[in-house]
Every structure is written in structure tokens, then in C-alpha cells.
Amino acid sequence: MISMSPVRPGAGVRYLFRGVMVGDGHRRAGTPLRAAQDEAGVPPGVWKGRGLAALGLAAGDVVSERQAELLLGEGRHPDADWIERELLAQGRPPAQARRATVLGRPIEHNRSPKTDKAKERTPWLAFDLVFRPPPTAHIVWALMDDEHRRVLKLCDDVARDKTLEWLEESVAQIRSKAGGKQRARVKDGLIVAVFRHYESRATESRLLLHSHAVVSIRARRPHDGKWGNLSADSLMTHIVVADTLYTLHFMEEVTARLGWAWKPREVTPGRRPVMDIAGIDRRLIGWQSTRRQQIEDALPVLIARYEEWQGHAPGERASYALACQAADQTRPPKRIELLSLTELRKQWRTSAIRAFGACTVYRLAERARAAAAAVWARVRPVVDTVLAAVDVVAVMYVMRGAFKRHHLLAEARRHLSYVLRGRPHSVGLDEQIVQTAIDDYTRTASRRMMTADLRALYPRDTEDQAVLRPLTRKRTALPYERARLAADALAARVRAARRAERLGSRPRPYAVAVSAASGSHPRPLRTGPKDGRLMEPETGVVTVEQTRRTLEAAAQMAATLQDSRRAREAAHGPRPQPAPATAPPTHTQQPGTPPAPGRTPGRIT
């Protein structure tokens, strides 16, 4: 997952230099940055992003303390000291020499008494993006051997860098004109300082493989090359979309390099599932997840207080705010004692062996390979763009009602992660699903929002609508549970219509084949999950809550479609069919990848 927080002058900058840059530890006053990083056992930070060329830096260069102070703490050029000395030697006034090193508007402007807006008095200097892999990735990284640990760290680096590239290419915008009303793409790219961390520095050390990507707010405008500020709104709007992309890339890298598969796991009933590495003992997930239990223990008190004050139960937004408040109240202080990564891994492995036995710890890789073989035997390497578009629109309609394009894009990437289980997706497939959803299954709701086109999702038969509407209006169920019920019912209707029109023997123009599974076939793992609820679909569309009512509704819809069609044809004759639209391109195979053995690409049975 990805979280985002601002870096502001004062406390924000102090936390950056005393915590983030030294592994979230406690940096004593007067300790040099490199010495503090060595003491904390974390590597030095490195620069990333295409915007480094404008500053004379290169990707991979080590972040020095003075460079970070100037750029991330003052909004000045990283070599401001040298530039200022050169200008003073040429006879420039000190104020003019200093102003020449400032990138864009100086932060001193915001401290002026003439500034009325509070948000301008506390400007943003950077964005702190925290990248965390899925939970089971922390487990296997901490408990497996050095080779697996290096591969997982590499997968995290690749997924993070790809996500940052997408942000600077497709999301990052720079403000211009009065009040920043005009937005444009940045000229070069982003300037990012990345710091790698290995643990959560709470009172009791917890394993947590993550990295902080501190994005400088300074960037160059495309039309004149002058420095300005990035739009915080654009990044905050697309942070969930970036989160789903990062998870998707991380899953693909792990599957490509280690051959493992992924499974969705329901953490909270009725909520979105999380993706876990298949075959990892579920007891290990709760082994060091003490923070979640602390939050759950504090949450009922806050909910009861809210109900007493407001007179009703908290909604979705209020529940999220109360959960954040519980997390803040139960957050332990930073741990001062520092241990090396080798000592930490030895401590973690000893604790896991003592709790679950040596067999559970030392057979992690074997169990993951066996579980992956079982997953690849059931999951087909095909993505149906029509069914994917129906699924995405149905979930967004039930969850939000009205939505925007970035909401559909985030849900499309979640759909790909559920369906592919780590197989690589074709470039642009997520955008293709979103475009199909917008073109065929949505309509305009307002000037900036869209919603589901129920006439396109539902057939014109009133009998069929009577079957589907109770599924979407089951108010006693949680929103995501109702969304899955509606999506499954609509997908069943699409399949029933295809069968009725005898499309099963024709090539599927909307099927996109992806890479086949690994060629190895180890013995399937026979042990079942210890805890947590696994959701294993039998088709290409992942179902989170496959209930008996959904199956009965699907069968009833298929029968209703056949009966209503026969009745119309008997009364009025066959309905004239519209002229077929131009078919989209046929299914595409990944370059250099053969189809899965025993399967015909482009067919969905």
C-alpha cells in the first residue's frame, strides 16, 4: 500500500532529518547523517526521477545531508552554496546571490504578515510517499534465506520505481497563474529522494519492509522552464490508483522471479480483500500484527462515544476517521535501541520458530511453490475485457454511486490483480478496461462525475430487473458485499446471453491472453488455511462472496432471458438485430510467451 503525508517547514522538516532519513529511528543531535544511518543499519538515501537532470544530479546518487537541507528543507538548489559563492565572487549583492539559488517562490514569502491564507503560511516542501508491500511479503522477506530476501527487495524496488514513473508521466501537474488555477504537465519530471527501511521502530521491533519516497514539490513548467510548485491535489486524488498499480507490479515481479502465486484473503468481513502469497501459513500474519489488535481494542470505545454524541452509528467516512484516531491514540513511542539487520532477522526467525515450529519457518519456499502449482492449475491466463468492465462499473456504482475515471482505473487494477494472480498484464490493458466501461456501461451524472448506465447493464426485460435489483438494494449487507453480489449477477447475465446467442464456438475478440504459469509442477499442498477466509474463484472473475442466492439468481436470469425471448418471438416475430459494430482487435498473446498447455487462447468456457 501507499500512504502520503506532507513535509512542511518546522516539525515536518525535523521529522524528515531525525526520523525518515535514519530509518525512522532516533537521531541524536549533532550526529552526522551517514554515521546515524550506519548506526541504524539502513542504507543511505538515493536520488530518483527524471527531474534530476535540471539540477545536475543523476539517478542513483547518494542523498547528502546538505543537499536534502537545501532542496527538501528550503526549496533551493542542491548546490546552492557553490552557486552563491560564485555569484558573490562576481560582485553580486548577497540578497541577489541567495535569490538566484531559490527554485520558484521562496518560502520566506509565506511567512509574511501580508499572507492571509493559513495554508500559504505553512507551505508544503515535499510529499512523503511510503511504499509497503503486501503483508505476507514482510513475512517471507524476514524469515527466508538471503537469496529470497534480495529478490523480494529487488521486486519492491522495481514496483516502486515503476509507480513513480507513472506518477511523473501521467499524474504530476504543475501550477501556474494566480492562485494556481492553471495546471500543466511538468517539463522534466519529479525529483525524489528514496530511503529504505526494514522495520517499524515501535517499542517492540516489528518487521516492516518499506521505503520512503520524498518527492520535492519543486518542478519546472513546460512553457518557459521556470520553477514552480506541483499540484498537491493531483497527487492526492490519484494516490489510491498509484497504490493499486504498485501492488499489481509487485505481484508480477514476485511471480516472474520466484514463480509464486497470489490469493485474495478477506481480513474484515464485507470489506475488500488483500492479496497474499499463496501457501504462506496464515498464523504468521498475526504473529507480529499487534498494532491491528491494539486499534481494534481501542475502537469500540470511540464508536460508543460517537454514537452517544451523534445519536446514530458512524458511517463509512466516520468509521475511517475513528480508526485513524484509534491508531494515533495507541501508537507507541519510537524505540531508541538500535539493532543491525542481521540481528533483527535472527531475532525474528527465533521468535517464529518458538511460536510455530521449525518446519513452518524452513518450508516457506516449498509450500509457496506447491500452492502456486495448485493456483496455476485452476486460474486461466485470460482477461475478458467485457466482463472486467461490467465488474468494475458494478462495484463502483454500488460503492460510490457517482465516480470519476481514476476510480474506475483503480478498480480495474484491483480486478487484474484478483484475476491474474501475479501474471503480467499487457501494457494498457487497465486503460482498455476503463475505456470499455466508460463507452458501454456509464453515462454522465454531472459536469465532472459519471455513473452506471443501468439500461446498458440491465436488459429491457422487467422480469430480469426484478431479479437483479434486490441484489443491489440489500441494505442489510455491507457496500462491498452488495457490490460483489451485483457484479457476479451481471457477469452471469452476460455469460447467459452469450450462451443463448451461441457465441461459445466463435473467437472472443474481447479476450486478452496473458503469460502462462510456471512449467514446474510440484506436489500440491494438502494443508488448508489456518485462519482468514480465502476466496478462490472458478472463473476469470474473482468473487469475494459467492453465495447461494447469487447462483440461484444467475440460473433464474438465464431462464428468464430464454422465456422472454421466446415469448416475444412468438407474439411479434424475431427482433431485428442491429448492424454489428466494428470488432475490437483480437486477443493478444504476450510476446514470446506460449499459450497455457491444453488451452486455446481466446476461448472462455
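Using a 4.0 Å cut-off between a side-chain N of Lys or Arg and a carboxylate O of Asp or Glu, Arg160 and Asp157 qualify as a salt bridge. Look at Asp391 and Arg414 and you find no salt bridge, because none of the NZ, NE, NH1 or NH2 atoms lies under 4.0 Å from a carboxylate O. Look at Glu481 and Arg272 and you find no salt bridge, because none of the NZ, NE, NH1 or NH2 atoms lies under 4.0 Å from a carboxylate O. A salt bridge links Asp276 with Arg265: at least one charged nitrogen is closer than 4.0 Å to a carboxylate oxygen.
Counting only heavy atoms from C-beta outward, the side chains of Arg405 and Ile438 approach each other to under 4.5 Å. Residues Leu152 and Trp141 meet the side-chain proximity criterion, which asks for heavy atoms closer than 4.5 Å. Put simply, the side chain of Arg421 reaches to within 4.5 Å of the side chain of Val375, judged on heavy atoms. A heavy-atom distance below 4.5 Å is found between the side chains of His138 and Leu208. Looking at heavy atoms from C-beta onward, Glu253 lies in side-chain contact with Arg257 at the 4.5 angstrom threshold. Asp243 has its side chain out of reach of Ile239: every pair of non-hydrogen atoms, C-beta onward, lies at least 4.5 Å apart. Between Leu408 and Phe403 there is a side-chain heavy-atom pair separated by less than 4.5 Å. Within the 4.5 Å cutoff, the side chain of Asn229 has no heavy atoms near those of the Ile174 side chain.
The distance from the CG atom of Leu190 to the OG atom of Ser216 is 9.0 Å, given to the nearest 0.5 Å. Here the CD1 atom belonging to Ile217 is positioned 6.0 Å from the CZ atom belonging to Arg175, to the nearest 0.5 angstrom. To the nearest 0.5 angstrom, Met1 atom CE is 5.5 Å from Ser3 atom OG. Interatomic distance, CZ of Arg400 versus CE of Met449, reported as 6.0 Å (0.5 Å rounding). Rounding to the nearest 0.5 Å gives a distance of 10.0 Å between OG1 of Thr163 and CG of Leu129. Rounded to the nearest 0.5 angstrom, Arg413 CZ and Asp430 CG are separated by 4.5 Å.
Taking every heavy atom of both residues into account, Pro133 and Leu209 meet most closely at CD-O, 2.9 Å. Heavy-atom minimum distance, Val434 versus Ala412: CG2-CB, 4.0 Å. Closest of all the heavy-atom pairs between Arg448 and Lys404 is O-CG, 3.6 Å. Nearest heavy-atom pair, Val419 versus Val382, reported as atom, atom and distance to 0.1 Å: CG1-O, 4.0 Å. Across all their heavy atoms, Ala486 and Ala394 have their closest contact at C-CB, 4.4 Å. Of all heavy-atom pairs between Leu302 and Leu322, the closest is CD1-O, 3.6 Å.
Ring orientation note: the planes of His249 and His425 are tilted relative to one another, at an angle of 30° to 60°. Ring geometry, His197 versus His210: the interplanar angle exceeds 60°, so the pair is classed perpendicular (tilted spans 30 to 60°). Under the 30°/60° scheme for interplanar angles, the aromatic rings of Phe131 and Tyr246 are found to stand perpendicular.
In terms of modelled atom types and a separation under 3.5 Å, the side chain of Thr247 and the main chain of Thr244 share no donor-acceptor contact. Side-chain N or O atoms of Asp384 include one that pairs as donor or acceptor with a backbone N or O of Leu387 at under 3.5 Å.
Side-chain N/O atoms of Ser231 and Arg183 include a donor and acceptor closer than 3.5 Å.
Ring to ring, His312 and Tyr306 are close: their centroids are under 6.0 angstrom apart.
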*Thr442 and Thr451: side-chain contact (heavy atoms from CB on, under 4.5 Å), yes or no, with the steps?*
CA-CA 5 Å; Thr442 62; Thr451 188; over 6 Å; no
*Do Met4 and Asp128 pass the side-chain contact (heavy atoms from CB on, under 4.5 Å) test, and can you show the C-alpha distance, the side-chain angles, and the key distance before you say yes or no?*
CA-CA 6 Å; Met4 177 180 173; Asp128 183 12; over 6 Å; no
*For Gln173 and Val186, run side-chain contact (heavy atoms from CB on, under 4.5 Å): C-alpha distance rounded to whole Å, both residues' side-chain angles, the deciding distance at 0.1 Å, then the answer.*
CA-CA 6 Å; Gln173 294 181 339; Val186 296; over 6 Å; no
*Starting from the C-alpha separation in whole Å, work towards a yes-or-no answer on side-chain contact (heavy atoms from CB on, under 4.5 Å) for Gln310 and Arg305.*
CA-CA 9 Å; Gln310 302 294 333; Arg305 190 180 304 169; over 6 Å; no
